Amino acid sequence: MNPPQTTRPSTGAKRPTYKTNPTTGRYTKAAQKEVERAEARRAAAGESVPLPVAVDRSGAITGLAPAAAGQVVAEAIGRAGALTVDVETSGYPVGHANAALRTVQLGDEHTAVVLDPDDPAQAQVIRTALAAAPRLHAHSATADLVPLAHAGLLDESAWDRMYDTVIPAKLADPTSTGSDPGLKQLAGTVLADSATAPEADKARAALFKAHGWLTDTKALTPVERSGWAQVDSTCATMIRYAASDVLDTAALAVRLPQPPPAVTERERAVQRITARVAHRGLRVDRDQVTHLEAVHTPAMHAAAERLRALGVESAGSDRQLAERLTELGVTLPRTQPSTRHPNGQPSVAAGVLDGLKGTPGPAGDLIAAVLDYRHHETVLTTFLEPYRVLCEAGDGRARPTVYTLGTDTGRMSCVRPNLQQLPREGGVRACITADPGHTLVSADFSGVEIRVMAALSQDPELIRQLREGVDLHAMVAELAFGPGWTKANRYTAKRGVFGWAYGGGIESLARQLGVTADVMQAIVDALRQIAPAYVAWADEMKRMVRSGATQMPTYAGRIIHLPRDYPHKAPNYAIQGTARELLVDALLAWDQTRWGGGVVLPVHDEIVAMVPEADAAFATAELVRCMSRELYGIQIVAEPSEPSAAWRDSV
DNA sequence: GCACCAGGCGCG
DNA sequence: AAAGCGCGCCTGGTGC
C-alpha cells in the first residue's frame, strides 16, 4: 500500500490582479472589496486536495493514490461487513442536460473515501467496491443508486444488497428520530454530539453563500447559479461535507433500532420494487403537454383580466382578494391563528368561496373569476410547466422517487415529480405514458377505508353491509335527511362519516361541509346507530393512546406509532396505516408475476403498472388478483381500469 | 435576493 | 378542552 500523501495547501485558481490607484499605488475601494471577497471565499472553501481522499470523524483529510483508496474502502468493508455509499451530484435530476455525478463517497463510520467518478482509475475503484460489498448502506438510497446506475457504476441489482437507513429510521418511533427523515436532522437527533453532518452542512452553506450560489436548485436554475454544480469538489469544505454523510449514515446503520428481520425484509422488497420508476422513468407526452397548455394559458390570462376589471390587480394575491371582497360587503371567516397572525387572516380558500358563489353582483363575479384563475394556474404551474421542462431541459422522462415509508402512518409519498397528486380529471394524467409497445394497466382498491374500518373494528353491521353490498352512506343519508334524501345528501353523509370517523368535531365538520351543526349531529347519530361497534372501537383507540399505549402493530408486523399528543388521530392512523399494508402486499404479489421486474407506480389505493401491449388484458386481471385478499374476514376488492397507452382520467 | 412561512390546492 | 387524517408543490408575503 502506498504511503498516504500529506495534506497540501490549495493550488487553486490564480489570484486575479486588481486595480491600484496610480498615484498612491494602493488598491481602489472596489478592488479592496474584491480582495476581501476572494479571501472570504478561500477561507470558506479551505484548502484544496486532489481526489481521492480519506476523511475521518475529526475531519482530517488524507490524500491517497487510487489504489490506496481502494484499499482503505476494502478495509472499511472488512470492519463493518458493509459499505456505506453516498454521492454528490450537480443538483439536476438524471436525464437533465446539466445532470452530473460529481463525487462518490464510500466507507464506514470511521473513514469515508471521497472519489472522483470522472477519473477512470477512481471509477474502477468505485465499481469494484460497490460490487464487492456484501451489504450496502445509504440514507434515502434512491438518490444515490439512480445516479450511480446512470453513470454505469452499478446496476439495479445493487438493491438486493441495499439496507437503507431510512427504513429503520421511519419504522422507529418518530419521537425518537424526529419527524424529518433527512439525514442531517436524523443524525443530529440520534447521534447527538458525535454527528458530523450538521456542522459540515453549515460550512457547506457558508461556502455557497460566500459565492452567492443557490442551495435549493430547480430544473430551471441556471447552472452558474447552482452551488452543487459550481462548487470545487476538491475543497476541504466539500470533502468534509461529502464524507460526513457516509460517516453518519454508517453510524446510524448500527445505532438505529432494528425492526424484526421479516419486517425489514418486507420493506426492503417494496423499496426495491418502487425504485424502478426512479431508475427507468415514465415517458412524458410532450404533445399532450402542449395541447393542455394551449387550453389553460389563455383561460388563465382571461380570468386574470376579469379579476383586474373587478379591482384585483394581482390575480394570485389572496390578500388583495380578501380586501376587495370585504369592500364589496362580503364577510369572510378567518384562518387558523398562527404566531405571525395571532387573529388569523381572512380566508379565501376554495371551501369558503364555494359557499359564497351565488353572491349577487360583482362579489359573485369576483369569486367565480378567482376560482377559475386558481384552477388554470394550478394546472399550469404545478403540472404542465414542470412536465414541459422535463421534455425541454431533460430527456422527456419523469423519474419520481417513491418514499415507501413517506409518512408517519406508513403511507408512501412521491416527489420530483409527485405523480400521486395528478388531477383525476382534465387530461393531465395522460401526459404520463407507457413506452412504445407497452401499455399502462391499473386497478384500485374499492372502498378500502370502509373495509379496513370494518376489519379492524369487526363491527357486525358494517361486515354485513359489505357482504351484502349495502350502501352505508345511503343508509346514513336516509337516517339523517329522511326518506326523501338526495344524491347530494348522500355525498354530505359520506364526507361527514369519514370526517367524524377520523376525529373531526361536529362544529368544525359542519362548517367544512356547509351544513348546520344539527345536520352534522344527525349524521353522527346515524353512524352511531348503524355501526356502534365501529364507534366503540374508535373510542377505544383514543382511550388507549390517552393511557400511553401508542404502538399499534399492523397485521404485517409493522408498528404504527400513534401520536401521543393527539389521541383523536389514532383511528385514522390505524386505518390509513393498515390500508398501506394492503398496498404493500399487492406490490409484493405483483412482483411475483411475470411482469414483476417492471415499472410500477403506487398511488395509495391504486397501482399503475407498465406491461407489454399484448399482455394488457391478462396483466390487468392479474393485477386485480394481486390486490384482492381477505383481511380479518373482510374481502378486500380491487376494480380494474381500461388499459391504455396514456394514464387515464379516473372519472 | 434568499430562506422561510402561510395559505391554498392537488391527491389519497 | 378540542382538534378529520396523511402528503408535496405552488405563490405571495415577510424577514433577514
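All values below come from the heavy atoms of this structure, side chains included, with hydrogens, waters and symmetry mates left out. Since the structure is predicted, the reported quantities are computational estimates derived from the model, not experimental observations. Letters go in sequence order (proteins before strands), and every chain restarts at 1.
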Using a 4.0 Å heavy-atom cut-off across all strands, classify [X] as base, sugar-phosphate, or nothing.
| X | result |
| --- | --- |
| A:Arg416 | sugar-phosphate |
| A:Arg225 | sugar-phosphate |
| A:Leu214 | sugar-phosphate |
| A:Gln512 | base |
| A:Glu377 | sugar-phosphate |
| A:Val448 | nothing |
| A:Tyr573 | sugar-phosphate |

Rounded interatomic separation in angstrom, taking [atom1] from [X] and [atom2] from [N]:
| X | N | atom1 | atom2 | value |
| --- | --- | --- | --- | --- |
| A:Glu385 | B:dG10 | CD | P | 16 Å |
| A:Met453 | C:dG4 | CE | P | 17 Å |
| A:Ile450 | C:dG4 | CD1 | P | 19 Å |
| A:Asn418 | C:dG8 | CG | C1' | 5 Å |
| A:Met520 | C:dG4 | CE | P | 10 Å |
| A:Met412 | B:dC11 | CE | C1' | 15 Å |
| A:Glu449 | B:dC11 | CD | C1' | 12 Å |

Please lay out, stage by stage, how A:Arg558 and A:Glu581 fare under the test salt bridge (charged side-chain N to carboxylate O under 4.0 Å, His left out). CA-CA 9 Å; A:Arg558 180 176 66 88; A:Glu581 298 306 334; 2.5 Å; yes
Under 4.0 Å between a side-chain N or O of [X] and OP1 or OP2 of [N]?
| X | N | result |
| --- | --- | --- |
| A:Ser347 | B:dG8 | yes |
| A:Arg374 | B:dG10 | no |
| A:Thr378 | B:dC9 | no |
| A:Ser508 | C:dG4 | yes |
| A:Lys569 | C:dG6 | yes |
| A:Thr335 | B:dG7 | yes |
| A:Thr409 | C:dC5 | no |
| A:Arg429 | B:dG10 | no |

Assess the residue pair A:Asp585 and A:Tyr555 against the criterion (side chain to side chain donor-acceptor pair (under 3.5 Å)); give the C-alpha distance rounded to whole Å, side-chain angles, the decisive distance to 0.1 Å, and a yes or no. CA-CA 11 Å; A:Asp585 276 324; A:Tyr555 73 87; 2.4 Å; yes
Would you find more than 12 non-hydrogen atoms of other residues, nucleotides or ligands less than 6.0 Å from A:Gln635 atom CD? yes
Taking the side chain of [X] as its heavy atoms from C-beta onward, which of [options] lies nearest to it?
| X | options | value |
| --- | --- | --- |
| A:Gln421 | C:dC7, B:dC9, B:dG10 | B:dG10 |
| A:Pro386 | C:dG8, C:dC10, C:dA3 | C:dC10 |
| A:His375 | B:dA3, B:dG10, C:dG4 | B:dG10 |
| A:Val603 | B:dG8, B:dG12, C:dG12 | B:dG12 |
| A:Thr381 | C:dC10, C:dC5, B:dG10 | C:dC10 |

So that I can tick it off, tell me whether A:Lys202 and A:Glu199 are bridged by a salt bridge, with the cut-off set at under 4.0 angstrom between side-chain N and carboxylate O.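 Looking at A:Glu199 and A:Lys202, the cut-off is not met.
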Within the 3.5 Å criterion, strictly below it, is a donor on A:Ser226 or A:Gln230 matched to an acceptor on the partner's side chain? no
With a cut-off of under 6.0 Å to the ring centre and 45° to the axis, is A:Arg204 in cation-pi contact with A:Phe208?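 Yes, a cation-pi geometry holds between A:Arg204 and A:Phe208.
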Taking the six-membered ring of A:Tyr573, is NZ or CZ of A:Lys569 closer than 6.0 Å to its centre and within 45° of its axis?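 Cation-pi check for A:Lys569 and A:Tyr573: fails.
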Considering every strand shown, what is the Watson-Crick or G-U wobble mate of C:dG12 when both distances are under 3.5 Å? B:dC5
Of A:Arg546 and A:His604, whose nearest nucleotide on DNA chain C comes first from the 5' end?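 Nearest nucleotide further toward 5': that of A:Arg546.
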Would you say the side chain of A:Gln576 and the base of C:dC5 hold a donor-acceptor pair, judged only by whether the two atoms sit under 3.5 Å apart? yes
